[in-house]
Structure formats: structure tokens, C-alpha cells
2 protein chains.
Amino acid sequence: MNYRENRYGSAVMPTRDTRSGPNTGGETRPTLAEVARAAGVSEITASRALRGGVHVARATLERVEAAALALNYVPNRLAGTLAGGQSRQVAVVLPSLSNSVFADVLNGLETQLEQASHHPILGVSNYDPLHEERLVADLLSWRPAGLVIAPASSTEGTRRMLAGAGVPVVEIMDIDPAPIDMAVGLSQHAAGRAMAHYLVGRGYRRVAYVGHDISTDPRALTRKQGLERGLSEAEVTLTATVLLPGPSSVPLGREAVARLLADVPPGGLAVCFSNDDMAVGAMFHAMGVALKVPDDLALAGFNGLAIGQALPLPLTSVESRRVEIGNLAAKALLSRLEGETVARVQDVGFRLIPGATT
Amino acid sequence: MNYRENRYGSAVMPTRDTRSGPNTGGETRPTLAEVARAAGVSEITASRALRGGVHVARATLERVEAAALALNYVPNRLAGTLAGGQSRQVAVVLPSLSNSVFADVLNGLETQLEQASHHPILGVSNYDPLHEERLVADLLSWRPAGLVIAPASSTEGTRRMLAGAGVPVVEIMDIDPAPIDMAVGLSQHAAGRAMAHYLVGRGYRRVAYVGHDISTDPRALTRKQGLERGLSEAEVTLTATVLLPGPSSVPLGREAVARLLADVPPGGLAVCFSNDDMAVGAMFHAMGVALKVPDDLALAGFNGLAIGQALPLPLTSVESRRVEIGNLAAKALLSRLEGETVARVQDVGFRLIPGATT
DNA sequence: ACAAATAATGACAGCGCTGTCAAAGACGTT
DNA sequence: AACGTCTTTGACAGCGCTGTCATTATTTGT
């Protein structure tokens with residue numbers, strides 16, 4: 001069933017058009033000079049007054065503020081930054097937004113940045129290294145105060161740009177590779193390995209891996225390697241691997257596990273997923289075909305998403321502190337801008353969540 | 001179980017510190033003037049060459065490009081914009097990022113903007129009107145080429161700023177209120193009403209509403225009003241309403257429905273949720289207490305999220321075209337910047353998904 | 001071959017703001 | 001009363017780039 005405005009009616013005409021809407025007009029915004037004139041002071045005094053009022057007499061300050069208010073003055077930060085101020089914009093490059101993981105990170109970043117009146121300029125690379133490179137170049141041309149990036153297997157060119165950016169750079173999510181400048185995250189390898197140890201400890205000897213297209217997601221790949229490493233330490237090897245193209249999602253997990261089970265018999269099988277949403281999809285599939293979890297099929301996710309924990313059977317997973325990564329990355333950046341000393345690598349750690357699905 | 005880097009080891013020392021990292025150095029970036037000098041042309045010719053090369057001889061163009069490459073030149077768009085160019089930054093104000101709905105919208109926005117080499121500067125209001133007002137002022141001070149906002153019951157001040165911004169403004173998600181400039185979205189009221197009609201058509205006469213804190217979310221409120229309106233047209237009134245503080249989420253829905261059922265007996269009861277994730281939580285609760293859906297308890301969500309459709313029983317919901325809203329909003333903005341005529345209100349419509357939960 | 005058009009280049013000023021340095025006034029001290 | 005100190009204000013230049021207009025080289029038409 002499809003509905004449009006005109007079927008279900010409302011107070012608004014759907015398709016009027018506008019060329020000279022209210023916001024196409026050419027009225028020019030007031031400048032600092034006009035505020036200064038209105039307040040009867042010099043431009044620079046007005047500037048100082050509006051920036052916290054250091055070295056400005058109380059009376060003057062009030063006069064300038066009143067003038068600014070009356071004229072509806074909005075400072076032009078382009079000019080301000082160009083003239084010598086700190087930028088107060090932070091470039092943020094993420095590989096994806098369809099995974100709630102990065103929405104969480106962005107959320108954490110934005111929250112902290114905003115407290116310092118900074119704002120993220122966003123770029124999404126879709127896990128494409130060349131795209132990422134172009135993005136970094138583009139964003140850097142705005143001369144941001146710093147840059148935060150969750151790298152998508154970056155090119156040499158990207159790394160060179162970041163190293164020469166002249167501003168603080170925070171690489172987030174994984175702390176295994178040596179950072180260009182700073183890194184905030186967790187050891188993805190260790191997380192994968194921890195899961196392996198846990199599963200082995202629970203007695204599983206048949207373990208399969210199911211993931212979205214891992215070739216472009218370096219962190220998912222590292223986790224898988226950690227998993228295999230951990231398994232190999234108990235002389236277990238992966239029984240099977242299923243990789244499906246496209247970003248991780250509930251339906252994808254559902255489909256992937258169906259394919260897996262076409263080849264591999266359940267019964268004491270544990271399946272590790274690249275992300276919790278995939279695992280939830282698998283759980284739904286199991287419900288659909290009346291497979292008992294965990295007896296017939298054990299499931300383990302990654303990221304500790306809310307949805308996994310809200311399942312009737314809480315999902316075994318590894319909690320990654322995504323919002324905290326965003327928070328810490330922003331704080332690290334801001335601290336460096338204040339000239340403070342900041343740890344080069346910050347490990348937020350992770351937590352293995354022993355759910356009821358294993 | 002908690003793991004840190006040092007427990008599970010890796011190649012990186014956790015806490016080295018850095019003050020004069022690679023990116024604190026004071027090396028100054030090359031300017032256009034230096035590129036011009038290196039290429040043996042005037043500044044303005046270099047400028048033209050690097051911007052598409054109109055009115056520049058082929059040979060000159062190549063020389064300038066080579067020089068720029070050699071010097072690792074990154075243009076300074078602050079200066080460029082200040083000197084008269086279009087900004088190529090678009091302010092984006094969203095009420096939340098913890099709801100995947102806005103991550104989707106942002107995704108759509110970013111995709112389209114990027115195709116035109118534009119970038120979003122992001123602000124998140126957390127549904128706080130005063131916060132939103134400050135954000136709009138802050139973002140406008142970057143002189144963006146335009147602004148996209150999913151309003152959080154905006155203040156008069158916010159509306160004034162938007163109306164006087166001097167750039168295109170797109171209000172997204174709801175098209176019921178009269179737009180300041182342009183609007184892209186759907187009629188939230190009609191969506192709620194459509195759901196009411198559907199439920200009535202399915203024979204339900206006892207309908208409850210379960211939502212997150214709706215007082216700050218104007219669109220959820222409008223949907224609820226639409227629902228009530230639609231029900232009233234069949235002389236049905238809401239049996240009960242449960243509102244829980246905090247953003248919508250799976251666990252919250254689970255808890256909310258538990259509370260509802262403490263007061264209201266199931267059996268032919270249909271529950272409408274403010275969002276699909278809430279409804280999924282309710283579904284999980286029902287599984288936990290062995291309530292049969294839809295016989296004992298019918299569930300209807302909103303937004304048509306992937307998770308709802310991946311449930312063993314697909315969730316009845318209303319599909320909102322979030323990514324498309326983002327896409328269209330960006331396109332509308334960009335078209336206006338090209339001087340084209342754009343529909344003042346664009347209705348992306350919605351689709352009622354008749355699932356198996358009703 | 002010469003005027004007229006076109007293509008290619010450059011000089012200049014200025015976008016709106018802030019850092020630096022200098023000056024002027026207010027105040028207290030000996 | 002002369003001096004130093006602190007507070008408050010301003011003049012000036014310049015951040016790096018682009019729009020405008022002017023100038024010079026190159027082509028075309030007849």
C-alpha cells in the first residue's frame with residue numbers, strides 16, 4: 001500500500017515552487033565593522049568584545065553585545081579562521097554509516113566536540129580506499145583543527161597526507177597498526193582471539209565464521225585473524241567460512257547462516273559473526289527452522305549491540321566501547337589543540353559478554 | 001570479562017606519549033602564490049588552472065598542475081570561499097544519532113552532497129530546542145551553502161535565523177507544517193492515520209500506544225495524533241498509552257510492553273509503537289513470556305527498519321523512505337544553488353507494510 | 001594585409017576577520 | 001609632582017584566495 005500526501009490529505013499544498021523563496025534574496029549579512037560602528041568602537045575592540053571580552057571595559061562590552069544583537073550579527077568564522085584563529089572544525093572520515101557502530105562513534109565524537117564549540121565535517125568512504133583518499137584531501141582543504149579517521153585500508157597517499165596534515169590526527173577503532181599520530185580503540189586481533197579462547201573453553205571444537213564482505217573491512221578481517229589465531233592455539237581450525245557481499249545487516253546474517261547450514265551440519269557447531277546484527281539474523285533463522293540455540297547451533301556476535309542483548313536469549317558477543325571511542329578521540333584531539341600531552345595510543349579495551357547463545 | 005591491550009598483547013606499546021608528534025610541527029603549507037611562482041605564472045592564472053582550466057592554455061594548465069603536485073599543494077577553501085566562492089559546506093542539524101533513522105538520512109545526504117564535492121557539517125540537538133538554536137547559530141557562522149534540518153520543535157529564534165539565513169534551507173522528515181523554505185519528507189500525521197485505518201480494517205478495536213518520550217519528538221507526537229484521529233474515525237479510542245523516557249531502543253520497547261501488560265490484558269490487543277526497534281523489543285518480550293503474536297498480542301511499528309522485517313514474523317510497520325529523504329533533500333539544496341526551480345514541498349510518501357504481527 | 005574578434009594572462013582590490021604593536025588614559029606610589 | 005604599572009583602545013597589515021577589468025598574444029574574415 002502506497003500513500004502520498006494527496007491521498008491522506010493535509011494542510012499543505014504539495015508542489016508549489018519557489019525560486020525567490022525567502023532565502024534566495026540578496027540581503028547582505030552585517031559585518032563586524034557595522035557592529036563596531038553601531039557601538040561606536042573600532043573593529044578590533046568589537047572583535048575582542050564578542051570573543052569573551054578580555055581587555056574590554058564592562059560598559060564597552062555591553063554596548064557591543066547590544067549592537068550585535070540589534071543587527072542580528074552572525075560572525076563569519078571563515079574570515080576569523082583565515083585571519084589566524086583556530087578552525088573549530090574537525091574532519092571526520094568514516095567507512096560507513098549503515099552500520100550502527102559508526103553512528104555510535106560519530107555520536108560520541110559530536111557530543112565532545114560540541115562541548116568545545118567544534119563541529120565535525122563528515123566524509124563517508126564506503127570502505128573504498130581511493131574514495132577515502134579523495135575525501136581526506138577534500139576535508140583537509142577546509143583547514144580543520146584536526147582529523148579523526150576510521151581507516152579503510154588506506155592508500156599510501158592517504159597516509160602521506162595525514163602525516164603531513166600539520167594538525168592532530170586520530171585513527172580510531174583499531175590500535176594494532178602503528179598510528180600515524182594518535183590512535184584510540186581496541187585491539188581487534190585480541191578481541192577475536194578472546195572469543196576463540198572463550199568458545200574453546202566452552203568446549204566447542206567446530207567453529208565457523210560468517211561475515212559480510214571482509215576484504216574491504218580491515219578491522220573485521222583482523223578480528224577474524226585473531227579468532228583463527230586463538231583457535232589454532234587450541235589446535236582448532238575453522239570448519240567453514242561464509243562471506244556475503246554488502247554491509248552487515250540482520251537480513252544478510254539470516255541468509256548467510258542459511259547458506260552455511262546447507263553445507264555444514266549443525267549439532268555442536270559454533271558460528272562467529274562479523275557483527276551482532278548478522279548474528280541476530282542467524283538467530284531469527286534458527287527460530288524459523290526450529291533449530292535449538294545453543295544446543296544445535298551456537299552463535300557469537302561482535303560489538304555488543306543493544307539488539308543482541310535484548311534477544312530472548314542474550315547473544316554472546318564482545319562489547320566494543322564505540323561511544324567511548326568517539327568521546328576519547330575527540331578529547332585527545334582537543335587536548336592536543338590545547339597543547340597538552342596526550343597518550344599516543346589509547347586502548348579502551350573490550351569486554352567478552354558470555355550470553356546464552358553459546 | 002575485561003580485556004585490555006596488555007592482557008592480550010599486540011605489537012604496540014599502549015601508552016607512549018607525544019607532544020611534538022609528526023603533526024604538531026610548524027611546517028607551513030604551500031600557498032597558491034608558491035605554486036604560481038613554481039609554474040612561472042601569475043597567481044590568478046594558477047587559480048584558474050586549478051579550477052577546471054577555463055581560459056587557460058593547455059600547456060600552462062599542465063605546468064601549473066605539475067607544480068601543484070610537486071609542492072603537494074592543498075587549496076585553502078576558507079580563503080577561496082571568503083574571496084567569493086560558493087561554500088561547498090552544508091550545515092546538517094539532526095535531533096539524534098542513536099536512532100538509525102537519522103543515520104540513514106545522514107547517509108543519504110552525505111552520498112548526494114559528496115557527488116557535488118560538498119560536505120556536511122554536523123550538529124546534533126538531542127531534541128533540545130535551545131540546543132538546536134545554538135547549533136544553528138554556530139553552523140551558520142561557517143557560512144554554509146545551505147542548511148538541512150530535522151527540527152526538534154524549533155524555537156522562534158531558530159525559525160528567524162533560518163528564514164534570514166540567506167541560503168537554501170530544507171526541513172526534513174515531516175511535511176505537515178508549512179516550510180520556512182523547502183521541505184522533504186512525508187506526512188507523519190497521515191502515516192499514523194493510515195496505520196489506524198489498517199488496524200481497524202483488520203478488526204482490532206482495542207489499541208494501545210507505546211512510545212519513547214514523545215514530548216520532545218514532534219514527529220512521533222504527530223504520528224500518534226494521526227493514529228488517534230484515524231481510530232476516532234472508527235469510533236475507537238486508545239485503550240492505554242505507555243511512554244518511557246529516553247530514546248527509542250529495543251530494550252526500552254521490551255520494558256515498556258511489560259509495563260503495559262501489567263495493566264492491560266492482552267487478547268485481541270494491538271499495540272502501536274513509536275518506532276520499529278521498540279516493537280522488536282516487545283516481540284522479544286512476547287517470546288519470553290510465551291504470548292502468541294498476533295493472536296494474544298498484535299504489534300505494529302513504524303519506519304520499516306530492516307530488523308523488523310527480519311523477524312521470524314515480519315513486523316507490521318510503515319516504511320519511511322529515510323535514505324531517499326536524505327537524497328532528495330541534498331538534491332533540492334544543490335539544485336537551488338544552481339539557480340533551478342525546486343518544489344517547495346516534496347512528499348516521498350510512505351508504504352504500509354502489512355506484516356505477520358497483526 | 002589590416003581590422004575585428006577571440007584566447008590567454010595579469011594587476012588590483014578586497015572578502016571579514018584577528019595578531020601585533022603602539023598609544024592613551026587611569027591609578028597608585030614614593 | 002614625577003614615575004611606573006595596568007587597563008583599555010586603536011591603526012595597520014595580512015591570512016589565501018577570487019571577481020573584475022584591463023592588457024597582450026593569437027586567430028579569423030575579407
Side-chain angles (χ1 to χ4, degrees), chain A residues 26-65 67-68 71-89 138 140-145 166-167, chain B residues 26-65 67-68 71-89 138 140-145 166-167:
Chain A
E27 19 44 280
T28 170
R29 299 208 124 296
T31 71
L32 183 61
E34 297 173 47
V35 174
R37 200 176 318 129
V41 296
S42 74
E43 219 174 315
I44 183 67
T45 299
S47 170
R48 280 193 280 251
L50 294 175
R51 283 182 298 159
V54 209
H55 290 298
V56 174
R58 175 65 134 253
T60 316
L61 197 154
E62 281 165 6
R63 217 146 19 95
V64 173
E65 279 176 345
L71 293 176
N72 225 299
Y73 173 68
V74 176
N76 184 332
R77 250 186 244 294
L78 295 177
T81 304
L82 183 61
Q86 261 291 343
S87 160
R88 292 171 174 283
Q89 285 192 151
D138 267 20
L140 247 24
S141 75
W142 288 104
R143 295 297 137 94
V167 294
Chain B
E27 22 40 284
T28 171
R29 299 207 125 294
T31 71
L32 183 62
E34 297 173 47
V35 174
R37 200 175 320 128
V41 296
S42 75
E43 219 173 318
I44 184 67
T45 299
S47 169
R48 281 193 279 250
L50 294 175
R51 284 181 298 159
V54 209
H55 288 300
V56 175
R58 176 63 135 253
T60 316
L61 197 154
E62 280 165 7
R63 215 145 21 94
V64 172
E65 278 176 346
L71 292 177
N72 223 299
Y73 173 69
V74 175
N76 184 333
R77 249 186 246 295
L78 294 177
T81 305
L82 183 62
Q86 262 292 342
S87 160
R88 292 172 174 283
Q89 285 191 150
D138 268 20
L140 246 24
S141 74
W142 288 104
R143 297 295 139 94
V167 294

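By convention in this document, chain letters (A, B, ...) are assigned in the order of the sequence lines, proteins followed by strands, and residues within each chain are numbered from 1.
- Between atom OG1 of residue A:Thr31 and atom CZ of residue A:Arg37 there is a gap of 7.0 Å, rounded to the nearest 0.5 Å.
- At distances below 3.5 Å, at least one donor-acceptor pair connects side-chain atoms of B:Ser87 with backbone N or O atoms of B:Arg143.
- Between the C1' atom of D:dC15 and the CD atom of B:Glu43 lies a distance of 12 Å, rounded to the nearest Å.
- Between A:Leu82 and A:Arg51, the residue anchored closer to the 5' end of DNA chain C is A:Leu82, taking for each the nucleotide with the nearest heavy atom.
- Here the OG atom belonging to A:Ser141 is positioned 5.5 Å from the CG atom belonging to A:Asp138, to the nearest 0.5 angstrom.
- At the phosphate of C:dC17, OP1 or OP2 sits under 4.0 Å from a side-chain N or O atom of A:Tyr73.
- The phosphate of C:dT18 (OP1 or OP2) has a side-chain N or O of A:Ser47 nearer than 4.0 angstrom.
- Counting distance only, with no hydrogens placed and no angle test, the side-chain atoms of A:Arg143 and the base atoms of D:dG16 include no donor-acceptor pair under 3.5 Å.
- Of the side-chain N and O atoms in A:Thr60, none sit less than 4.0 angstrom from OP1 or OP2 of D:dT8.
- Listed for the B:Arg63 side chain is a donor-acceptor partner under 3.5 Å among the backbone atoms of B:Ala39.
- In the set D:dA11, C:dG16, C:dC15, the nucleotide with an atom closest to the side chain of A:Ala83 is C:dG16.
- A:Thr45 has a side-chain polar atom (N or O) that falls below the 4.0 Å cut-off from OP1 or OP2 of D:dG10.
- Taking atom CZ of residue A:Arg58 and atom P of nucleotide D:dT7, one finds them 15 Å apart after rounding to whole Å.
- B:Arg77 contributes no side-chain N or O that forms a donor-acceptor pair with the base of D:dG16 under 3.5 Å.
- For B:Thr31, no side-chain nitrogen or oxygen approaches OP1 or OP2 of D:dG16 to under 4.0 Å.
- When rounded to the nearest whole Å, the span between CZ of B:Arg48 and P of C:dA7 equals 14 Å.
- Look at NE2 on B:His55: it is 15 Å from C1' on D:dT23, rounded to the nearest Å.
- The CH2-C1' distance, from A:Trp142 to D:dC17, rounds to 12 Å in whole Å.
- Counting only distance, with no hydrogens or angles, the side chain of A:Thr81 and the backbone of A:Arg77 share a donor-acceptor pair below 3.5 Å.
- Straight-line distance from the CG atom of A:Leu32 to the C1' atom of D:dG10: 13 Å, rounded to whole Å.
- The separation between B:Leu78 atom CG and D:dC15 atom C1' is 10 Å, rounded to whole Å.
- In this structure, the nucleotide among C:dG19, C:dG14, C:dC17 sitting nearest to the side chain of A:Ile44 is C:dG19.
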